[in-house]
**Q** 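First the structure, then my questions, so here it is.
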Amino acid sequence: MKIGILGTGNIGKTLVKRLSAAGHEVKVANSRGPETIDADLLSSGARAVTTQEALSDVDAIILSIPLNRIPEIAPLLAAVPDETVVIDPSNYYPFRDTRIDAIEAGQVESLWVVEQLGRPIAKAWNAIGSASLADKSMPKGTPGRIAIPVAADRDQDRAVAMALVEDTGLDAFDAGTLAESWRQQPGAPAYCTDLTREEIGAALAAADKSRLPKRRDLGVAVMQERLGDGTTNPDAEWGVRLVRAINM
Ligand SMILES: NC(=O)c1ccc[n+]([C@@H]2O[C@H](COP(=O)([O-])OP(=O)(O)OC[C@H]3O[C@@H](n4cnc5c(N)ncnc54)[C@H](OP(=O)(O)O)[C@@H]3O)[C@@H](O)[C@H]2O)c1
């Protein structure tokens, strides 16, 4: 497939490497221009381009950018054909994204993104920590392979997102519609807890929407206390132990 990826941060850089290595034709952009993209990231065959170029003439687009940056790319996405699959790995963290009243009032994060973009999306890769994504990919069929939820409203969006998740070394678990995707948001039992295909269905079912914001913010508070800021990502083992203790 031809894939455009926005974002070369914690999540984007691993998606670029994995999807290029899986044989896809990947274009990648950050907010500062192609010349600022690390050569190492391009060694797997991806091409550094502008944001606009990353969104044109592709089969799928991945928005691995902070949630609060999504409105600024909405005008560019307006020109993207309806059949292009747009995949959103983003999460709402008020300390980083500043307060978004609709989400604070209970709007499902993926539906807020749909509203900003004015088009359907699939939600995937939001519920795995960057260290697990980078270090724990496994070939299909390996016992203990991590499963992550994929939510979408259109069959084509779901099918493409699930296939690409598999290409990044993870089991793709069909988590239903975007309206149900609060079950994979920060604070939920299935969020960044590195569960397997056998475990993740029960974790999604066990989510309690009213408890998610508190548990999300507890996780941030502990990470800020132990790691010194809100942006350093924990190593996979410590991060998973912490989130399991709070969310499960
Ligand atoms: N970190 C995790 O463990 C994790 C796990 C799952 C999901 N997520 C979610 O994934 C999203 C990205 O997180 P992250 O940790 O990878 O963020 P990050 O490390 O801060 O990277 C963000 C990237 O987005 C780029 N960007 C911002 N605005 C852009 C624009 N308008 N056009 C093109 N690129 C743009 C930035 O480019 P510049 O550097 O040039 O500004 C940067 O490369 C967030 O919503 C996060 O919640 C993160």
Side-chain angles (χ1 to χ4, degrees), residues 4-18 26-38 40-42 46 48-56 58 61-77 80 86-98 100 103 109-110 112-113 116-117 121-137 146 148-151 161 165 168 170 181 184-188 190-194 212 216-217 219-220 223 227 229-240 242-243 247:
I5 298 182
L6 298 192
T8 55
N10 296 305
I11 286 290
K13 66 183 177 201
T14 303
L15 295 180
V16 168
K17 286 180 188 166
R18 286 277 149 66
V26 175
K27 293 191 277 187
V28 58
N30 62 12
S31 75
R32 288 164 294 144
E35 66 287 352
T36 66
I37 293 181
D38 199 1
D40 173 54
L41 192 56
L42 307 174
V49 296
T50 64
T51 302
Q52 189 146 18
E53 285 173 294
L55 302 180
S56 58
V58 287
I61 291 166
I62 303 174
L63 306 176
S64 42
I65 65 177
L67 183 95
N68 69 348
R69 306 291 296 269
I70 283 181
E72 78 191 51
I73 57 148
L76 293 174
L77 272 162
V80 169
V86 176
I87 310 175
D88 171 34
S90 73
N91 293 301
Y92 174 56
Y93 279 97
F95 82 94
R96 180 196 66 195
D97 296 321
T98 65
I100 297 176
I103 296 177
E109 292 170 20
S110 63
W112 182 87
V113 172
Q116 304 309 307
L117 299 179
I121 58 164
K123 186 177 180 80
W125 292 295
N126 78 296
I128 183 158
S130 60
S132 291
L133 179 64
D135 301 340
K136 295 188 180 176
S137 82
I146 294 171
I148 59 167
V150 176
V165 163
T168 57
L170 305 165
S181 69
Q184 67 195 68
Q185 285 179 191
Y191 179 78
C192 295
T193 44
D194 286 7
L212 303 188
R216 173 199 65 207
D217 293 344
V220 170
M223 286 189 205
L227 304 177
D229 62 45
T231 53
T232 301
N233 278 214
D235 75 60
E237 295 316 322
W238 188 86
V240 170
L242 171 69
V243 179
N247 294 8

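Each ligand, and each atom within it, is numbered from 1 in the order the structure gives.
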**Q** Can you name the residues that form a side chain to side chain contact (heavy atoms under 4.5 Å, CB included) with Pro71, not counting sequence neighbours?
**A**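 For Pro71, the residues satisfying side chain to side chain contact (heavy atoms under 4.5 Å, CB included) (neighbours in sequence not counted) are Trp112, Gln116.
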
**Q** Consider only side-chain N and O atoms of Glu53 and Ser56, and report whether a donor and an acceptor are under 3.5 Å apart.
**A**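 No, no side-chain donor-acceptor pair sits under 3.5 Å.
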
**Q** With a 4.5 Å cut-off on side-chain heavy atoms, are Leu227 and Trp238 touching?
**A**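 SC-SC contact between Trp238 and Leu227 confirmed.
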
**Q** Write down, by chain and number, every protein residue that brings a non-hydrogen atom to less than 4.0 Å from an atom of ligand 1.
**A**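 Its neighbours under 4.0 Å (heavy atoms only) are Gly7, Thr8, Gly9, Asn10, Ile11, Ala29, Asn30, Ser31, Arg32, Thr51, Ser64, Ile65, Pro66, Leu67, Arg69, Glu72, Ile73, Pro89, Ser90, Asn91, Arg96, Trp125, Asn126, Ile128, Gly129, Ser130, Asn233, given by chain and number.
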
**Q** Can you check whether Ala188's main-chain N or O pairs, donor with acceptor, with Asn247's side chain at less than 3.5 Å?
**A**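 Yes, the answer is positive, given that a donor and an acceptor are paired below the 3.5 Å cut-off.
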
**Q** List the residues meeting side chain to side chain donor-acceptor pair (under 3.5 Å) with Ser132, not counting sequence neighbours, and say none if there are none.
**A**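 Ser132: side chain to side chain donor-acceptor pair (under 3.5 Å) contacts with Asp194.
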
**Q** Does anything in residues 4-14 form a side-chain hydrogen bond (donor to acceptor under 3.5 Å, both in side chains)? List the pairs, not counting sequence neighbours.
**A**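 Found none.
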
